[in-house]
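Chain letters run A, B, ... following the sequence lines, proteins first, then strands; residues in each count from 1.
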Amino acid sequence: MPLGGKSFHMRGFEESEVTLQRIEAIRALREQGIEPYGNRYDRTHSTAEAVALYRATVDPGAEKRETDSVKVAGRILSLRVMGKAAFGDLHDLEGSIQVYLKRDDLPEGVYNGLVKGLALGDIVGVEGPVFQTKTGEVSIHARSVTLLSKVINNLPPLKETEEPDGSIRRHYQFSDLELRYRQRYLDMILNRDVRESFRKRSRMVRIIRREMDRLGYLEVETPMMHHIAGGAAARPFITHHNALDLDLFLRIAPELHLKRLLVGGMEAVYEINRNFRNEGISIKHNPEFTMLEAYKAYGNRDTVMELTERLIATAVEELFESTKVTYQGVELDFARPWKRVTMLESIRQVTGLEVDIHEPVADLLRKAASVGLDLGPAETPGKIINTLFEEKVEPSLIQPTFVMDYPTEISPLARQRGDDPAWVERFELFIYGRELANGFTELNDPAEQYRRFEEQLLEREAGDEEAHEMDLDYVNALRCGMPPAGGVGIGIDRLAMILTDSPSIRDVILFPLLRPKE
RNA sequence: GAGCGGAUAGCUCAACCGGUAGAGCAGCGGCCUUUUAAGCCGUUGGUUCUGGGUUCGAGUCCCAGUCCGCUCACCA
């Protein structure tokens, strides 16, 4: 739709005095023959590169006081107009550079027609040599300015100054959490650390993929829409396929499909992708979240435990050039090897309690009560021990810790230990009291898997909505023979939280789920 | 799902016991050719989240609701 000529109105937007002025200004620019929404602009330098160029080519004693001309592009986030010259701060992904916009050094009409009307947030291209102002600020002396995008909305004002120690101090920050999450683009424009967090997350994922590739794992994609929501204990989202008139579930885990691939002959596979769980939202939970799941044929629990340690430690070492990371004021040390402890040992260490899964329930309940845990009489030994662990031990696991050996009854897909079928060969990784990863030796005995599913069905009938469903096709795959294997899931969002020092999972998910407004 | 807290100008926030709804920034106009939280002068801008109620009078008190945050529950 051609917008030239007259002002336009967009239904659904309540224009304010400011936005009406901006819309009128855009019309006026077009009348002058200035296109407010530019096309391709070939930058020669990022802002950081332009600064570096100046430092590299203009030495203090030389006669030459400026570099050759460069072209940069970005948003104007601060503008100081002083009569016939103006200074602006032009921000791009890497950083920012000051631009010096002098009327008499710009083409006729550009200063009055364009520069003086710049709004905070406008995207421009600036061409000119890099020099240093008398206050020492490396700046671009603009010889031309190209308008690339005019803002209509009145952006929150950004004021940031760099302290002598190099830290950025913000004034009048855009801080309303709801608006930040709802309008993430504004959050990213105005809060530099937000852009940094998401770049860091991206680098972290890239390191993990590279390591997986290096170890010979094949990256695959398995269905998001499942007939049976399996592979974890959680309530699913339901959706519907019209043509097939079929209810489907968004997957809660890719586990059962990835193991079908082991049956099919893939010996090492992984997937980094979304899972969906229809449960509460919290600082640690978003309904859709990203997991890495990996399976290694002929391996076991220890294979994937070592894999987990390697992936996370490598990411930490490369991102921080250290094994230490500070999270929420606590120093976490990822130097290998990490602490390993069995569930029973950890309970003994923290509570002093000697418990055993073959003890009578009454004894276990009494011991749990002695440390303040009042559990219902219907509990089973494995569940009591697990609750004891979750309530009393988990919060204390601050440094990276592998907890090994879990009760079979809460691990329906894991292989039992050879010496005691009440336990499975499983581990979970805890950091800062939070579960980061979960892995085990995969159960590849179809008859035993069938029996486990039947047990889960009983729990389901008893009211546990999250108990596993019977998946006969998966059992059929096991009947075709699955090699012994180790498998692991790593919570990518939670790892990103730790590596970006983010208090909430929403700070590492670009568009977290919120209720719609209105 | 429960408890607690919050919602006032574009942003960040004030408003005493219930008595004319304000400031800084941004916006607009003016001055200003090396500023950087630029400065100076002037100025616009409000359904105080929504709907009821109490009151001579409600941003403020009461009730209901919406949305957000925190804690808990849920979450292998």
Show me the donor-acceptor pairs, under 3.5 Å and distance only, between side chains in residues 375-389 of chain A and residues at least two apart or in other chains.
from: Thr380(A); atom 1: OG1; to: Glu409(A); atom 2: OE1; distance (Å): 2.2
from: Lys383(A); atom 1: NZ; to: Glu459(A); atom 2: OE1; distance (Å): 2.9
from: Asn386(A); atom 1: ND2; to: Glu390(A); atom 2: OE2; distance (Å): 3.3
from: Thr387(A); atom 1: OG1; to: Lys383(A); atom 2: O; distance (Å): 2.7

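- The nearest whole Å value for the distance from the CD1 atom in Ile281(A) to the C1' atom in C74(B) is 12 Å.
- A 3.5 Å limit on both hydrogen-bonding distances identifies no Watson-Crick or G-U partner for A26(B).
- In this structure, Tyr111(A) places its OH atom 12 Å from C1' of U34(B), rounding to the nearest Å.
- Taking the salt bridge (charged side-chain N to carboxylate O under 4.0 Å, His left out) definition, one finds that Lys392(A) meets it with nothing, sequence neighbours left out.
- Here, G52(B) and C13(B) have their C1' atoms 29 Å apart, quoted to the whole Å.
- As judged by a 4.0 angstrom heavy-atom cut-off over every strand, Ala119(A) is placed among residues making no nucleic acid contact.
- Nucleic acid contact for Gly121(A): none, since no nucleic acid atom lies under 4.0 Å from a heavy atom of the residue.
- Evaluation of the salt bridge (charged side-chain N to carboxylate O under 4.0 Å, His left out) test over residues 279-291 of chain A, restricted to residues two or more places apart or in two chains, returns Arg274(A)-Glu288(A).
- Among residues two or more places apart in sequence or in another chain, the ring-ring contact (aromatic ring centres under 6.0 Å, His included) test is passed with Tyr450(A) by none.
- Set against U12(B), U34(B), A26(B), the side chain of Asp176(A) has U12(B) as its closest nucleotide.
- Within the structure, a side-chain polar atom (N or O) of Ser78(A) is placed less than 4.0 Å from OP1 or OP2 of A38(B).
- One finds the CZ atom of Arg494(A) at 12.5 Å from the OG1 atom of Thr290(A) (value rounded to the nearest 0.5 Å).
- For Gln98(A) against U35(B), a side-chain-to-base donor-acceptor contact under 3.5 Å is present.
- We find that CG of Leu190(A) is positioned 14 Å from P of A26(B), with the value rounded to whole Å.
- Between C4(B) and A9(B), the distance separating the two C1' atoms is 29 Å to the nearest Å.
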Is there any protein nitrogen or oxygen under 3.5 Å from a nitrogen or oxygen in nucleotides 8-10 of chain B, and what are the pairs?
from: G10(B); atom 1: O2'; to: Asn154(A); atom 2: O; distance (Å): 3.3

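- Within the structure, no pair that satisfies the salt bridge (charged side-chain N to carboxylate O under 4.0 Å, His left out) test touches residues 127-145 of chain A, not counting sequence neighbours.
- Spacing between A58(B) and G69(B) at atom P, rounded to whole Å, works out to 33 Å.
- Position along RNA chain B of the nearest nucleotide to Glu178(A) versus Asp89(A) favours Asp89(A) as the more 5'-ward residue.
- Side-chain atoms of Leu120(A) lie closest to A26(B) of the nucleotides A26(B), U12(B), U71(B).
- Between Tyr100(A) and His141(A), the ring planes are perpendicular. Angles over 60° get that label, and only those under 30° would be called parallel.
- Arg506(A) comes within contact range of the sugar-phosphate backbone alone, with a heavy-atom separation under 4.0 Å but no base atom that close.
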Review item, nucleotides 29-32 of chain B N/O atoms under 3.5 Å of protein N/O:
from: C32(B); atom 1: N3; to: Gly83(A); atom 2: N; distance (Å): 3.0
from: C32(B); atom 1: N4; to: Gly83(A); atom 2: N; distance (Å): 3.2

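- Here the separation of G22(B) from U60(B), taken at their C1' atoms, is 15 Å to the nearest Å.
- Screening Arg260(A), Arg452(A), Lys259(A) for a salt bridge (charged side-chain N to carboxylate O under 4.0 Å, His left out) involving Asp471(A) leaves a single residue, Arg260(A).
- Rounded to a whole Å, the CG atom of Leu79(A) is 10 Å from the P atom of C28(B).
- Arg182(A) comes within 4.0 angstrom of the backbone, heavy atoms only, and of no base.
- In this structure, the side chain of Ser139(A) does not engage the main chain of Phe131(A) through any donor-acceptor pair within 3.5 Å.
- Taking the syn range as angles within 90° of 0, the glycosidic angle of C17(B) is syn.
- Phosphate proximity of C68(B) to Arg515(A): present, with a side-chain N or O under 4.0 Å from OP1 or OP2.
- As judged by a 4.0 angstrom heavy-atom cut-off over every strand, Phe131(A) is placed among the base-contacting residues.
- When both distances must be under 3.5 Å, the Watson-Crick or G-U wobble mate of U54(B) does not exist.
- Every ring-ring contact (aromatic ring centres under 6.0 Å, His included) that Phe402(A) has, sequence neighbours left out, goes to Trp338(A), Phe427(A).
- Arg426(A) forms a cation-pi arrangement with Tyr406(A), by the criterion of a distance under 6.0 Å to the ring centre and an angle within 45° of the ring axis.
- Using Watson-Crick or G-U wobble geometry with both donor-acceptor distances under 3.5 Å, U71(B) finds its partner in A2(B).
- Applying the salt bridge (charged side-chain N to carboxylate O under 4.0 Å, His left out) rule to Glu466(A) yields the partners Arg235(A); only residues at least two apart in sequence or on another chain are considered.
- Going from the C1' atom of G27(B) to that of U44(B) covers 8 Å, rounded to whole Å.
- If Leu514(A) and Arg426(A) are placed on RNA chain B by their nearest nucleotide, the residue sitting closer to the 5' end is Leu514(A).
- In this structure, of G69(B), U35(B), C74(B), it is G69(B) that holds the atom nearest to the side chain of Leu177(A).
- For A14(B), there is no paired nucleotide, since no Watson-Crick or G-U wobble pair has both relevant distances below 3.5 Å.
- With sequence neighbours excluded, the residues that form a ring-ring contact (aromatic ring centres under 6.0 Å, His included) with Phe453(A) are His468(A).
- The interatomic distance linking Leu77(A) (CG) with C25(B) (P) rounds to 19 Å, in whole Å.
- Both distances falling under 3.5 Å, in either a Watson-Crick or a G-U wobble arrangement, place C31(B) opposite G39(B).
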Pairs: protein N or O with nucleotides 40-47 of chain B N or O, under 3.5 Å:
from: U44(B); atom 1: O2'; to: Glu17(A); atom 2: OE1; distance (Å): 3.0
from: U44(B); atom 1: O2'; to: Glu17(A); atom 2: OE2; distance (Å): 3.1

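- Of the candidates C28(B), U34(B), G69(B), the closest approach to any side-chain atom of Gln21(A) belongs to C28(B).
- Straight-line distance from the CD1 atom of Ile283(A) to the C1' atom of C68(B): 14 Å, rounded to whole Å.
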*Apply salt bridge (Lys or Arg N to Asp or Glu O under 4.0 Å) to Arg301(A) and Asp405(A), showing your working.*
CA-CA 10 Å; Arg301(A) 188 267 316 272; Asp405(A) 295 352; 3.4 Å; yes
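- Between U35(B) and Arg80(A), no contact under 4.0 Å exists linking OP1 or OP2 to a side-chain N or O.
- For U12(B), the base has no donor-acceptor partner in the side chain of Ser175(A) [N/O atoms by modelled type, under 3.5 angstrom].
- Thr500(A) meets the side-chain hydrogen bond (donor to acceptor under 3.5 Å, both in side chains) test with Ser502(A); sequence neighbours excluded.
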